[in-house]
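Remarks on the structure that follows.
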Number of protein chains: 2
Amino acid sequence: MPAAAAAAGICLAVSTVIFALRPNAAGEPSVWLPLVRRIREPFLDRWALPGGPVALSESLEASARRNLLETTSLQPTYLEQLYAFGDVDRSPDSRFVSIVYWALVRPEEAERVSLGENVRWFPADELPDLAFDHNLIVEYALWRLRTKMEYSRIAHAFLGEQFTLAELRGVHEAVLRKPLDPANFRRQMESSGAIEPTGDVVVGGRHRPPKLYRYAGGVELADAGPLTARVVVAAAQHPSTPIAAPTQEDHR
Amino acid sequence: MPAAAAAAGICLAVSTVIFALRPNAAGEPSVWLPLVRRIREPFLDRWALPGGPVALSESLEASARRNLLETTSLQPTYLEQLYAFGDVDRSPDSRFVSIVYWALVRPEEAERVSLGENVRWFPADELPDLAFDHNLIVEYALWRLRTKMEYSRIAHAFLGEQFTLAELRGVHEAVLRKPLDPANFRRQMESSGAIEPTGDVVVGGRHRPPKLYRYAGGVELADAGPLTARVVVAAAQHPSTPIAAPTQEDHR
DNA sequence: TCAAAAGTGTTGGAAGTACACCCATGT
DNA sequence: ACATGGGTGTACTTCCAACACTTTTGA
């Protein structure tokens with residue numbers, strides 16, 4: 001970074017791939033994402049990832065957060081940087097470099113999205129032709145989501161603070177698109193120390209009442225190494241619970 | 001990316017963390033990296049990662065490659081994007097966003113670096129106070145290198161085209177900083193299908209001549225998912241062998 | 001009492017770890 | 001012959017996948 005890089009003519013933007021679980025045509029939960037319709041050239045009327053320019057006074061992540069709120073009114077429970085896309089030909093006219101984030105939101109949160117003419121949910125596996133290189137970006141984000149689901153603990157970012165093991169398993173199954181053995185899944189989760197029973201059970205179901213679990217604090221959800229502090233999961237926001245230090249931006 | 005982001009005042013730069021194996025004070029191989037001395041403010045005279053502005057006509061990776069060649073005359077065998085750093089306060093004066101890459105080079109290549117007053121190798125584990133947030137960046141790059149070494153096949157990027165199993169194990173041991181069982185290491189490598197014997201052996205050693213291996217083609221070294229084509233390892237450059245399509249930039 | 005989901009137990013195989021042991025070479 | 005690293009064999013453990021089986025509820 002020696003020279004005071006003028007970089008005139010390069011536009012710096014932030015985009016986000018937002019994932020939520022919603023029922024598909026068959027009624028089973030699967031991965032969806034919201035897209036916005038472009039209202040100007042290039043790619044007028046094509047669907048695209050929500051995004052926008054980086055403000056001078058904002059960090060990249062703060063930019064992504066603000067933009068998400070403005071364009072989709074979503075506040076993700078999980079937000080992580082995905083990749084920087086900067087090929088010269090990704091936009092036909094000017095030169096764009098996009099720092100792309102990916103986010104997870106809960107179903108309740110997802111349903112709050114204002115479904116106007118210009119924002120719509122799409123199943124992540126059957127997208128139309130998107131603007132720019134956004135098809136590739138989504139594909140990569142999906143790959144990261146699925147890869148990370150297998151070795152990390154991000155699944156609960158799709159759920160509320162309390163959940164049953166069947167719900168948690170449902171998240172895994174929806175993302176990985178394969179059935180999981182309930183018995184083995186239970187043992188893996190329990191032995192990992194990631195979850196702990198709340199003591200409550202869900203009453204009123206048609207069958208044996210399942211125990212409720214919560215994520216055990218103190219356990220990192222997604223090991224990002226020295227950048228761990230950057231990966232922030234919003235504290236479960238009960239109306240009564242004050243939010244504890246939501247975004248500590250210090251480096252370690 | 002809807003608005004034509006002016007982003008005036010934000011400087012876009014590319015930096016690279018370059019790793020090579022060199023003998024440390026005790027004579028054992030360990031991880032080193034070259035740094036350049038800053039010749040202007042801010043952080044005048046402090047050591048920093050090599051880097052520079054992104055040219056309008058270059059992709060991010062091409063920018064990193066060119067800059068590496070200009071500042072250190074290095075051509076890495078492995079180059080991958082690490083992270084985009086863009087906190088508002090990382091540079092005291094202007095606003096910098098740095099797309100950081102990490103690279104691996106072979107020892108022979110590393111020794112060719114012009115060791116002037118302004119370029120010097122440092123042991124990766126004992127760095128001075130660097131310019132900007134470069135200490136954090138190196139720490140993260142080291143974490144990625146060590147993590148990836150355990151589940152991927154990047155080790156041979158530190159070696160030539162042919163190598164013995166002891167050499168390959170030495171790379172792992174140097175990076176992971178722990179001894180590995182030669183017998184088990186051999187079996188893991190052989191059963192993974194990543195390497196194949198060339199049929200030759202190393203003669204002239206003091207002991208039993210070890211077999212030489214090469215990396216089996218067709219096996220991906222580092223699974224980057226849909227972005228695989230972006231991770232490019234230079235073909236082993238025999239003087240006689242023409243370089244085959246060194247940088248295919250297409251997306252998949 | 002039956003269906004269905006919650007939860008437990010048991011088994012077999014794959015892969016990792018530790019370590020004993022043989023092989024081939026230069027000195 | 002012997003020291004040394006190259007290379008093989010083997011027992012032990014740990015983890016994971018499969019699946020039989022018991023428990024608890026609503027209907």
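Proteins come first, then strands; the chains are lettered A, B, ... in the order of their sequence lines, and each starts at number 1.
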Report summary line: In whole angstroms, the gap separating P of dG9(D) from CD of Glu190(B) amounts to 11 Å

Query - Spacing of CG belonging to Leu68(A) relative to OG1 belonging to Thr16(A), to within rounding of 0.5 Å - result: 5.0 Å

Requested in this report: Have a look at Gly205(B) and say if it touches a base, only the backbone sugar-phosphate, or nothing, with a 4.0 Å heavy-atom cut-off.
Outcome: sugar-phosphate

Query raised in the report: Do NZ/NE/NH1/NH2 and the carboxylate oxygens of Glu190(A) and Arg187(A) come within less than 4.0 Å?
Result: no

Query raised in the report: How close or far is atom C1' of dT14(D) from atom CG of Asn184(A), stated in whole angstroms?
Result: 15 Å

Query - Closest-nucleotide ordering on DNA chain D, the 5'-leading residue of Thr164(B) and His207(A) - result: Thr164(B)

**Report entry** Whole-Å distance separating the NE2 atom of His172(B) from the P atom of dG16(C)
**Finding:** 12 Å

**Report entry** Spacing of Leu212(A) atom CG relative to dA6(C) atom P, expressed in whole Å
**Finding:** 12 Å

Query raised in the report: Does Glu108(A) pair with Arg112(A) as a salt bridge, N-O distance under 4.0 Å?
Result: no

Requested in this report: For dG7(C), take OP1 and OP2 only and decide whether either is under 4.0 Å from a side-chain N or O of Arg186(A).
Outcome: yes

Query - Side chain Arg187(B) and base dG9(D) donor-acceptor under 3.5 Å - result: yes

Query raised in the report: Do Glu173(A) side-chain atoms and Leu180(A) backbone N/O form a donor-acceptor pair below 3.5 Å?
Result: yes

Query - Rounded distance in Å - CD (Glu173(B)) to P (dG5(D)) - result: 12 Å

Query raised in the report: How long is the line joining CG of Leu165(A) and P of dT23(D), in whole Å?
Result: 20 Å

Report summary line: Between CG of Leu168(A) and P of dA5(C) the distance, given in whole Å, is 18 Å

Query - Proximal nucleotide (of dA24(C), dT17(C), dG7(C)) relative to the Arg208(B) side chain - result: dA24(C)

Report task. Please state whether the rings of Tyr215(A) and His156(A) are parallel, tilted or perpendicular, taking 30° and 60° as the class boundaries. Result -> tilted

Report task. Would you mind telling me which of dA17(D), dG5(D), dG9(D) lies closest to the side-chain atoms of Ala183(B)? Result -> dG9(D)

Requested in this report: With DNA chain C as reference, determine whether Lys211(A) or Asp181(B) sits nearer its 5' end, using the nearest nucleotide of each.
Outcome: Lys211(A)

Query raised in the report: To the nearest Å, how far apart are Lys178(A) NZ and dC16(D) C1'?
Result: 12 Å

**Report entry** Proximal nucleotide (of dG16(C), dC16(D), dT4(D)) relative to the Gln188(A) side chain
**Finding:** dC16(D)

